[in-house]
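Report on one structure; see the data block that follows.
For the numbers below, each heavy atom of this structure counts, side chains included, while hydrogens, waters and symmetry mates do not. Computed from a predicted structure; not experimentally measured.
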There are 2 protein chains.
Amino acid sequence: MRDERFCNSNCPFTRAIGTIGNKWKPIIINVIGTRTIRFGQLDSIIPLISRKVLTEQLKELEEDGLLERLAYKELPPRVEYKLSEKGLAFLPILENIKEWNLKYEVASMPQEID
Amino acid sequence: MRDERFCNSNCPFTRAIGTIGNKWKPIIINVIGTRTIRFGQLDSIIPLISRKVLTEQLKELEEDGLLERLAYKELPPRVEYKLSEKGLAFLPILENIKEWNLKYEVASMPQEID
DNA sequence: CAGCATCCAGCAGGATACTG
DNA sequence: CAGTATCCTGCTGGATGCTG
């Protein structure tokens, strides 16, 4: 899921892409944002992701220090996720991507009239 | 290669991730930067990418308006690529990702002494 | 040189069932 | 509820050879 060749690169940019350069992770980080959120919420908010893949992505994000996982010893279990300082610092970048897309996408898209 | 479900999303951010959210495209855009570059150069500069995948990625980037392809009618053929305005506008974002990684990666990495 | 066509292996990722 | 385990399929992407 994570490309080890990227993560072992001696180029820091390549390593960064190895960490967050796939389709799910930016989505997950963006959905979490500044809140604390439970596994089930993420699963229902993010369309089309399977629980298995969500689990894997969350684990990698935790390993890479982008988010914190809080598991409560309860039954039924409760697990909460929130972004770490590193993860929070990535939010403005996602914001820039949004703005970039809004600015340039429209020009080349077929316009819909609602 | 491009996830159609992402590109057809009604969320502009999700569409953006559908466009550039994979490991090769940010690398390619970063390598091209502000210069004009030939196919063979890209192939040799970018480690580990196959010619087939490079071709596919370049085609998608062109379709999404991120880069311009200039094919000279010569023999042997010469094809040059350069970023469009949209592509150039993405460079600062990549720069932010570099800085973000440099700032936060180190803390969690085993330090090497050279 | 810059691709495209073809073939093929490996793995991503979906579905389902089970557990603490 | 929040996972883990297992199975299975399809697609990604590598290797190779051909062409204008």
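Sorted by first and then second residue, the pairs that involve residues 37-57 of chain A and meet side-chain hydrogen bond (donor to acceptor under 3.5 Å, both in side chains), not counting sequence neighbours, are A:N22-A:Q57.
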Decide side chain to side chain donor-acceptor pair (under 3.5 Å) for B:E80 and B:Y72; before the verdict, give the C-alpha distance in whole Å, the side-chain angles of both, and the deciding distance to 0.1 Å. CA-CA 8 Å; B:E80 293 180 344; B:Y72 297 85; 3.0 Å; yes
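A donor-acceptor contact shorter than 3.5 Å is absent between the side chain of A:N96 and the backbone of B:I93. A distance-only check finds a donor-acceptor pair linking the side chain of B:T19 to the backbone of B:R15 [under 3.5 Å]. Judged by distance alone, with hydrogens and angles left aside, the side-chain atoms of B:S84 form a donor-acceptor pair with the main-chain N or O of B:G65 at under 3.5 Å. The backbone N or O of A:K86 lies less than 3.5 Å from a partner atom in the side chain of B:W100, making a donor-acceptor pair. Remark: side-chain polar atoms of B:T36 are not paired, donor with acceptor, to backbone N or O of B:K82 under 3.5 angstrom.
Of all the residues in residues 25-32 of chain A, not one reaches under 4.0 Å from DNA chain D with any non-hydrogen atom.
Here the P atom of nucleotide D:dT12 and the CD atom of B:E4 are 10 Å apart, to the nearest Å. Following rounding to the nearest Å, B:N22 (CG) and D:dG13 (P) show an atom-to-atom distance of 7 Å. Between the CG atom of A:D3 and the P atom of D:dG14 there is a distance of 9 Å, rounded to whole Å. To the nearest angstrom, P of D:dG3 lies 14 Å from CG of A:L75. For the pair A:E74 CD and D:dA2 C1', the computed distance is 12 Å after rounding to whole Å. Atom CG of B:L54 is separated from atom P of D:dT12 by 17 Å (rounded to the nearest Å). Put simply, CZ on A:R78 is 9 Å from P on D:dA2, counting in whole angstrom units. Between B:I46 atom CD1 and C:dA2 atom C1' the separation is 15 Å, expressed in whole Å.
For the pair A:K98 and B:F13, the distance from NZ or CZ to the six-membered ring centre is under 6.0 Å and the angle to the ring normal is within 45 degrees.
Each of B:P76 and A:Q41 was assigned the nucleotide of DNA chain D with the nearest heavy atom; the assignment lying further toward the 5' end belongs to A:Q41.
Distances were taken from every side-chain heavy atom of A:Y81 (C-beta onward) to each of D:dC1, C:dG3, D:dG3; the shortest belongs to D:dG3. Nearest to the side chain of B:V79, among D:dA2, D:dT4, C:dG3, sits C:dG3.
For C:dG3, neither phosphate oxygen OP1 nor OP2 lies less than 4.0 angstrom from any side-chain nitrogen or oxygen of B:K59.
Within the 4.0 angstrom heavy-atom criterion, no nucleotide atom of any strand lies near B:K73.
For the side-chain contact (heavy atoms from CB on, under 4.5 Å) test with B:L66, the passing option among B:I29, B:L83, B:I32 is B:I29; the others fail.
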Assign a letter to each nucleotide of nucleotides 5-17 of chain C from its 5' end: B, base within under 4.0 Å of a protein heavy atom; S, sugar-phosphate only; -, no contact. -BB----SBBB--
